[in-house]
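What follows is a set of notes on a single structure, which appears directly below.
Values below: every heavy atom of this structure, side chains too, minus hydrogens, waters and symmetry copies. Order of the sequence lines fixes the chain letters, A, B, ..., with proteins taken first and strands second; residue numbering starts at 1 for each chain.
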Amino acid sequence: MNGMTGLLNVLYRGETGLAADLLATAARHRAEHEVHHVATDLAGWSRRHAGLLAEAGPHYGADLAETGAGTRTGAETGARTDEAGDMPPLLADLRRLHLAATGNALYWEMLGQAARATREARLIDLSGACLSRAGRQAGWADTMLKTLSPQLLIAR
Amino acid sequence: MTAQEDRIADPWGARTPYAAGTAWPVRVDTRLAPGVDEDAVERWVPSASLLHSNGDAMDIAVREGRIVGVRGRPLDRVNRGRLGPKDLYGWQANASPDRLTRPLVRRGGRLVETDWDTAMGLVAERSAELLAERGPASIGFYTTGQLFLEETYTLAVLARAGIGTNHLDGNTRLCTATSAEALKETFGCDGQPGSYADVDHADTIALFGHNVAETQPVLWMRMLDRLEGADPPRLLCVDPRTTPVARRADVHLAPRPGTNLALLNALLHEIIRTGRVDRRWVDEHTVGFEELRTAVADCTPAWAAGVCDVPAADIAEAARLLGGARRLLSTVLQGFYQSHQATAASVQVNNLNLLLGMIGRPGAGMLQMNGQPTAQNTRECGANGDLPGFRNWENPEHVADLARVWNVDPETIPHWAPPTPAMQIFRYAEQGSLRMLWISGTNPAVSLPELARIRSILAQERLFTVVQDLFLTETAQLADVVLPAATWGEKTGTFTNADRTVHLSEQAVEPPGEARSDLDIFLDYARRMDFRDRTGGPLITWHDPRTAFAAWQRCSAGRPCDYTGLDYDRLRAEGGIPWPCGAGAPDGTERLYTQGISWAAPEVCETYGRDLVTGGSVGASAYRAMNPRGRAVLKAAEYLPPHEEPSADFPLRLTTGRTIYHFHTRTKTGRVPELNAAAPKMWVELSAADAAEHGLAEGELVEVTTPRGSARGTLRIAEMRRGTVFLPFHYGYWDTPEGHRPPDGEPGRAANETTVTDWDPVSKQPLFKTAAARVARAEPGTGTEGARR
């Protein structure tokens with residue numbers, strides 16, 4: 001189960017990181033009301049995913065809650081990356097959220113595939129539900145980007 | 001109605017009971033000015049109500065060039081002669097002495113009178129400058145659910161194809177956006193499934209957040225007449241307040257504000273658990289049943305009881321009532337539309353009827369209600385978040401078809417993203433990318449949430465604001481240009497109510513002074529802007545209501561909202577006719593979906609839908625995979641707690657709403673003596689238990705505070721759930737010394753000083769019914785209400 005342990009660890013970090021990212025984005029963009037409120041709601045999903053992973057982890061040799069594998073602070077997640085340049089901060093944040101959620105979705109997919117191959121019913125159910133929600137998080141960020149980009153990039 | 005009858009004290013009038021399946025008896029309500037009897041009336045001019053969404057048909061009485069009263073039209077399908085109190089008295093507002101009669105422009109910080117050429121020249125000049133310097137995305141339009149169809153359509157054409165902006169929305173975003181969105185999510189397309197006539201046949205009527213007694217008094221008269229007749233229907237009422245509907249209900253559920261979705265998921269859970277699902281109908285006409293069943297599998301009445309604070313036994317009882325219905329009519333309004341998870345909860349009402357197979361036959365259907373008289377027209381004409389004729393902005397063929405109708409290049413019409421909803425338009429103005437906002441027939445300085453923020457947006461130097469209205473509203477006082485508009489009775493056009501009934505409203509009298517119809521104002525603007533089509537001809541080819549209606553008929557031809565079989569002469573002679581009315585349905589259409597689901601196929605649907613929790617787009621390919629054959633979609637959603645929950649500082653749940661005597665921000669009704677006297681002052685409602693706990697007594701001046709601000713009013717002790725405070729949203733400042741705002745540094749009285757800026761991510765409708773607040777006794781001597789002046 002070595003590969004699985006590593007996957008559970010990286011996924012746990014991904015979900016706790018996305019939860020922190022979503023909350024940091026919500027805090028940075030209080031005046032963007034829809035982003036603020038929905039990002040806060042979606043942070044709850046990632047926290048729930050991390051909690052479910054922490055519960056499942058010990059059965060597969062990964063003690064996630066103990067290691068604090070995913071703890072990240074708001075300050076770290078709020079750091080601007082150079083590649084964003086002078087892109088409007090809201091678009092840069094939504095783009096990063098989309099990539100993080102998509103990354104998590106791919107991990108959940110890998111976990112689900114491995115679970116199917118090993119007939120781990122518990123992980124099959126877990127990964128199915130979480131993959132769907134991770135995809136919905138990414139879909140939300142994508143929709144917001146599509147909707148807001150023209151105004152924020154052109155009509156500044 | 002006799003001259004002595006007081007329809008303020010008795011808003012619903014005398015009963016005319018009738019039995020299930022029989023025709024609703026006629027009762028003609030009339031109100032004439034004192035000293036005028038019917039013989040003295042020179043002309044009766046056909047119209048319908050513009051002070052609520054019901055679409056009650058009436059004739060306007062005219063004598064010596066003045067409106068002298070109204071009389072209900074006895075044969076009309078909507079009201080059979082009846083009128084509500086706002087219609088019986090409200091016509092007097094037309095003749096108010098403070099109507100705007102000349103355009104105003106801001107000079108040296110003050111609004112001064114000018115002529116039309118100067119005012120419109122200024123508007124056109126600023127538009128052209130912005131188009132050249134900043135492009136179409138710097139210009140936005142915020143209109144209303146009270147203009148006529150011809151006016152709304154003209155505005156949609158000039159905004160979308162003339163200016164080429166995506167920023168056109170109506171105040172219908174506040175009242176009807178969730179209705180449209182819930183229908184689109186379930187049926188792929190807007191269009192009210194049911195008919196008011198379903199009240200005549202239903203054996204069970206379920207009202208979800210729909211205080212019909214006050215919002216649509218004539219529809220409530222119809223229900224009351226059924227309740228008094230043979231074989232009366234059973235009623236279910238979902239409302240945190242003990243409304244007149246709740247008092248007549250067999251089962252009344254009063255959930256915590258913000259928990260509607262949890263309650264509905266539990267009702268669906270019970271319907272499925274008790275084997276009430278019409279599997280044959282569901283298998284033939286829907287997709288998504290297994291997903292819905294899984295989503296509500298854990299939503300037991302016991303679970304919902306904890307979330308909603310409603311006894312589990314009552315939820316089970318409500319589910320038995322619904323499940324046992326043979327003809328179920330479900331209705332939904334602002335209690336759902338303006339609350340947390342608005343679309344998700346409203347869609348579950350659709351699901352309820354679909355699971356039970358209750359659609360498309362007499363008495364079995366649903367009415368996702370509208371909040372304004374012409375809300376349906378903003379939706380179908382493309383001024384409320386979609387392209388005209390329910391065309392899908394994500395479907396290139398639909399955009400090309402619209403471009404063909406308008407004779408423009410498809411790329412002229414913005415369709416890279418959904419048309420911008422109102423709250424986002426105001427956000428763009430706040431952050432500075434939108435520099436011109438043209439507001440027609442609505443009063444955002446009182447009606448939008450978090451008023452201090454709205455006032456600061458409208459007052460910005462860099463934002464050029466045009467306001468088109470009847471009076472110098474709070475919003476008009478903040479404008480750069482004010483255009484005096486004609487209203488109901490002073491202009492001709494059509495409009496469409498919540499059950500798709502189209503009425504003609506003809507000009508009865510001349511508008512005051514230089515006031516012009518909204519249509520004439522828009523046509524003047526289009527001429528000045530010289531909008532052209534792709535072959536160099538004028539973009540807007542019409543010049544009066546009749547030719548504008550004909551243009552709309554071309555746009556609606558073959559669409560779900562087909563108007564091609566209607567014309568002014570026919571509407572005048574026959575009264576209201578429900579669309580679609582065209583080649584396939586020459587006499588109009590009482591109910592949609594009598595032969596299955598018609599507009600949900602991927603190539604015809606108005607939308608591919610959204611994620612009911614996040615608002616994320618579903619997209620064309622996912623929709624095609626999910627619903628290739630165009631069935632109704634049983635869309636599920638998980639409950640999430642409201643965004644602002646009570647806390648130690650703000651222990652109560654705040655909800656807002658209306659009274660039967662006023663419409664919106666009292667622009668008209670506050671100027672009508674009888675209506676104003678019926679509800680002259682701001683008030684606050686608490687349950688007796690909460691009032692006692694706060695040591696407050698009926699009639700005391702109290703202050704309601706949230707993190708946004710405070711509003712004051714007189715305490716009324718009301719029957720409602722504990723822990724909730726209710727504020728009516730009608731009261732603003734036009735009749736106070738400050739004119740458009742509270743006194744400096746002192747609390748105001750508008751409910752929206754306190755409401756939160758938050759909207760449903762699916763319908764983008766703002767949430768006026770979900771926030772946290774505290775209440776305290778107010779010290780008199782300051783503030784808008786209770787000031788010693």
Contact leader toward chain A among B/Ala417, B/Pro641, B/Pro418, B/Ser617, where contacts are heavy-atom pairs under 4.5 Å: B/Ser617
query: chain A: which of B/Met423, B/Arg610, B/Lys764 shares the most heavy-atom pairs with it under 4.5 Å?
result: B/Lys764
message: Exactly one of B/Glu181, B/Glu185, B/Gln341 should register a side chain to side chain contact (heavy atoms under 4.5 Å, CB included) with B/Val347. Which one does?
response: B/Glu185
message: With chain B as the partner, which of A/Ala138, A/Gly139, A/Ala31, A/Ser149 has the greatest number of non-hydrogen pairs under 4.5 Å?
response: A/Ala31
- prompt: Which residues from residues 41-53 of chain A are near chain B, with near meaning under 4.5 Å between non-hydrogen atoms?
  reply: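 Hits under 4.5 Å: A/Asp41, A/Leu42, A/Trp45.
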- request: With a 4.5 angstrom heavy-atom cut-off, could you sort out which part of A/Thr40 is near chain B: side chain, backbone, both or neither?
  value: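 Nothing of A/Thr40, per the 4.5 Å heavy-atom cut-off to chain B.
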A/Ala141 portion near chain B, given a 4.5 angstrom heavy-atom threshold: neither
Side chain, backbone, both or neither: which part of [X] has a non-hydrogen atom closer than 4.5 Å to chain A?
X        : value
B/Asp611 : side chain
B/Pro761 : both
B/Glu133 : neither

- prompt: Looking at B/Tyr428, B/Phe426, B/Trp438, which one forms a ring-ring contact (aromatic ring centres under 6.0 Å, His included) with B/Tyr142?
  reply: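 Of all the options given, the one that passes is B/Phe426.
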Establish, from distance only, whether the side-chain atoms of [X] and [Y] form a donor-acceptor pair under 3.5 Å.
X        : Y        : value
B/Thr754 : B/Thr706 : no
B/Arg427 : B/Gln424 : no
A/Trp140 : A/Glu34  : no

task: Can you see which heavy atom on B/Pro410 is nearest to which on B/Val399, and at what distance?
output: O-CG1, 3.9 Å
message: Take a 6.0 Å sphere around CG of B/Asp409 and say whether it holds more than 12 heavy atoms from other residues, nucleotides or ligands.
response: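 Yes, enclosed.
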Residues forming a side-chain contact (heavy atoms from CB on, under 4.5 Å) with B/Thr770, sequence neighbours excluded: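 By the side-chain contact (heavy atoms from CB on, under 4.5 Å) rule, B/Thr770 matches B/Ser339, B/His340, B/Pro642.
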- prompt: With B/Glu644, which of B/Arg708, B/Arg653, B/Lys769 fulfils salt bridge (charged side-chain N to carboxylate O under 4.0 Å, His left out)?
  reply: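 Going through the options one by one, the only one that passes is B/Arg708.
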